[in-house]
Protein chains: 2
Amino acid sequence: MEHRELMVRAAWLYHVEGLTQQQIAERMNVTRRRVNEILSEALETGVVRISFDSVLAESVELEAKLRQRFGLKDAVVVPSPSDPALIHSVLGRGAAGFLGRLIQTQKPASIGVGWGSTLRETIHHMLSLNEPQIKVRSMMGGLTHGSEINTFEIVRGFAQVLNAQCRYFAAPIYAESAESRDAIISQAVFQQTFKQICEVDVAYLSVGDVSQQSLQVRYGLPEGMSEKILQKAGAVGDLMGRYLNAAGKEIDHPLNRQVLSPEMEDFRRIGCRIVASGGAHKHRILHAVAQSGLVNVLITDADSARALLAAR
Amino acid sequence: MEHRELMVRAAWLYHVEGLTQQQIAERMNVTRRRVNEILSEALETGVVRISFDSVLAESVELEAKLRQRFGLKDAVVVPSPSDPALIHSVLGRGAAGFLGRLIQTQKPASIGVGWGSTLRETIHHMLSLNEPQIKVRSMMGGLTHGSEINTFEIVRGFAQVLNAQCRYFAAPIYAESAESRDAIISQAVFQQTFKQICEVDVAYLSVGDVSQQSLQVRYGLPEGMSEKILQKAGAVGDLMGRYLNAAGKEIDHPLNRQVLSPEMEDFRRIGCRIVASGGAHKHRILHAVAQSGLVNVLITDADSARALLAAR
DNA sequence: ACATCGATGTAACATATGTAACGTAACCCA
DNA sequence: TGGGTTACGTTACATATGTTACATCGATGT
């Protein structure tokens, strides 16, 4: 029996039929210890899912307020976890629900994605769908630093959970110079790629702050560049590697001319621009992208929503 | 705080944040005992749901075989529980998933429903949807015997979980005589009702057997009528109160002329005719409705599916 | 006013689950 | 072939959960 099948069977017996782990062990001819491990793994891998058929009144209210305040098409507010380590997971849960519904009801032809922990968690929480006509593509270059939150893994993860087509953007997030960037994107293959990125039906991204908490700050910035320099130039965070000030405008800094991602004016033409992010360190960049209209669907946690609404 | 809200909060802390019941008790200023009760209730009422992001290979195979063998538009096979008391619940779970997807993707304008335990469980397992343009209506008369599986409760239950419109069929399942039935349905209000029933986009029903296990046999049959009489007349079960033989044809019996439900030839014109039922005592009637084409979507358990496929 | 009933707190207990410790077998690689 | 690593069985233990027993309180009905 395939391992996934084993997980489903054990989990069904436990959650639906209400058997104890010992009873399941006897039924399936394994040890109780194995059953315990299988059940944990089933929850961990998303084979078994816990969901809620109700939303908190507080979230509903905050969502309405966010939509109104920032002119959003939609908003999703998830409860803020007391353990900050859980922020990506709860955001991913909320985003997965939203994306799943959007995909099933609106059938987008193409989805552009960013990368990072929140996106990783979104994949984890999504229900498998069968959408072979959908193209999932990276919206920007990626880290050379390999990890499962890297752009390649994220695109592939989404493509797999959706059974969709996978389109990589095979470039780093930053070129060595503005001239180098211009040389790269002047090539026909990249022209085509940028054109397609700008034409996606849905963009699903996260944002980064300007601190050592940001993976991009840690692994993506060119030599000699630091968060201090970016902050000094007025940066409060980044969207697709473009550092923005509090008003949501790109800071006047050479780095923003080295970035391999769509121009903001092109990005704004995408119909559905989703940003999922949260936590205290993201409040400033979230406010920037919401206030400036860069994002028209915001997925965040309750504390962040309140902070956004309280900001002048 | 509203009770449902209390359940969601406690369940979130337990299932998402991973707190123990004692920790939750302290957080919410209640006793651990209350937390334990709330968590149980959340699962029981469907506020919290366990779902599976994978299907068993066996089910997939059986579904394909059922579709092919009986010319079905679709089939759903759920694992057969070892405890027969769970049959309604597991069928309801499978049916809820199917119906939820169908409603979201195909947006039917109207749904006709039957009544019984399986339908009761379907409601229980469905996710709340917001479909105010959908009309949910009874497809047949109901029991005078009050219970939550009664036609009125079922229609209302579906209407509530879908936030849809509710249309009752205010009549008993059987009239006193064929003449009485004809007199009833000749009235304009019932003519209108029957017309609308026959025009639903989706019919979702269960079937009954001819034994004391059937609630209809126990509470719905007129005076002097028994399962023995019906069996002797060739009945293997009923669909919408119409007793059918093994070939899926109505038995030649006066009872079938007293019944307040659509004629079978009218029923066949409904585009999506779903029957959910299972268990050993239902095999004969399931085979009858599948073989005869009365049903074009079948939801059943694995053992029943195998029995249906093995029948000549 | 009194009796009854249901909800719930408190405390205890039974059982189920999660995990640690140790040993063994299987697998892989040099 | 031998050594190292991993997976897993066995056993025990810690803790978490589910449930019981009893008492109390508040609400309701007569």
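Below, chain A is the first sequence line, B the second, and so on; all start at residue 1.
- Rounded to an integer number of Å, the gap from CD of B:Glu37 to C1' of D:dG18 is 10 Å.
- A salt bridge links A:Glu58 with A:Arg306: the closest approach of a Lys/Arg side-chain nitrogen to an acidic carboxylate oxygen falls below 4.0 angstrom.
- Under 4.0 angstrom from either OP1 or OP2 of C:dT17 there lies no side-chain N or O belonging to A:Asn36.
- Near DNA chain C, meaning a heavy atom under 4.0 Å away, there are no residues from residues 12-24 of chain B.
- With hydrogens and angles left out, the side chain of B:Arg32 and the base of C:dG9 share no donor-acceptor pair within 3.5 Å.
- Put simply, B:Arg34 has a side-chain N or O that comes within less than 4.0 Å of OP1 or OP2 on C:dT8.
- In terms of phosphate contacts, A:Thr31 brings no side-chain nitrogen or oxygen within less than 4.0 Å of OP1 or OP2 of D:dC8.
- Side-chain atoms of B:Gln104 and A:Thr105 include no donor-acceptor pair closer than 3.5 Å.
- Judged purely by distance below 3.5 Å, without hydrogens or angles, the side chains of A:Tyr168 and A:Thr151 never pair a donor atom with an acceptor atom.
- Looking only at atom types and distance, the side chain of B:Arg27 has a donor-acceptor partner in the side chain of A:Ser82 under 3.5 Å away.
- Under 3.5 Å, the side chains of A:Gln216 and A:Arg218 contain no donor-acceptor pair of N or O atoms.
- Comparing the axis of the opening five pairs of the helix from C:dA1-D:dT30 to C:dA30-D:dT1 with that of the closing five pairs yields an angle of 40°, rounded to 10°.
- Separating the CG atom of A:Leu6 from the C1' atom of D:dA7 is a distance of 14 Å, rounded to the nearest angstrom.
- With no hydrogens or angles considered, no side-chain donor-acceptor pair links B:Ser214 and B:Asp209 at under 3.5 Å.
- Nucleotide C:dA7 holds its C1' atom 13 Å from the CD1 atom of B:Ile38, rounded to whole Å.
- A:Arg49 and B:Ser51 share no side-chain donor-acceptor pair at under 3.5 Å.
- For the pair B:Arg93 and A:Trp12, the cation-pi criterion (under 6.0 Å, within 45° of the ring axis) is fulfilled.
- In this structure, the CG atom of A:Leu39 is 14 Å from the P atom of C:dA16, given to the nearest Å.
- In the interface, the side chain of B:Arg33 is not paired with the base of D:dT19 through any donor and acceptor atom under 3.5 Å apart.
- Between B:Asp74 and B:Arg101, none of the side-chain N atoms (NZ, or NE/NH1/NH2) sits under 4.0 Å from a carboxylate O, so this pair counts as no salt bridge.
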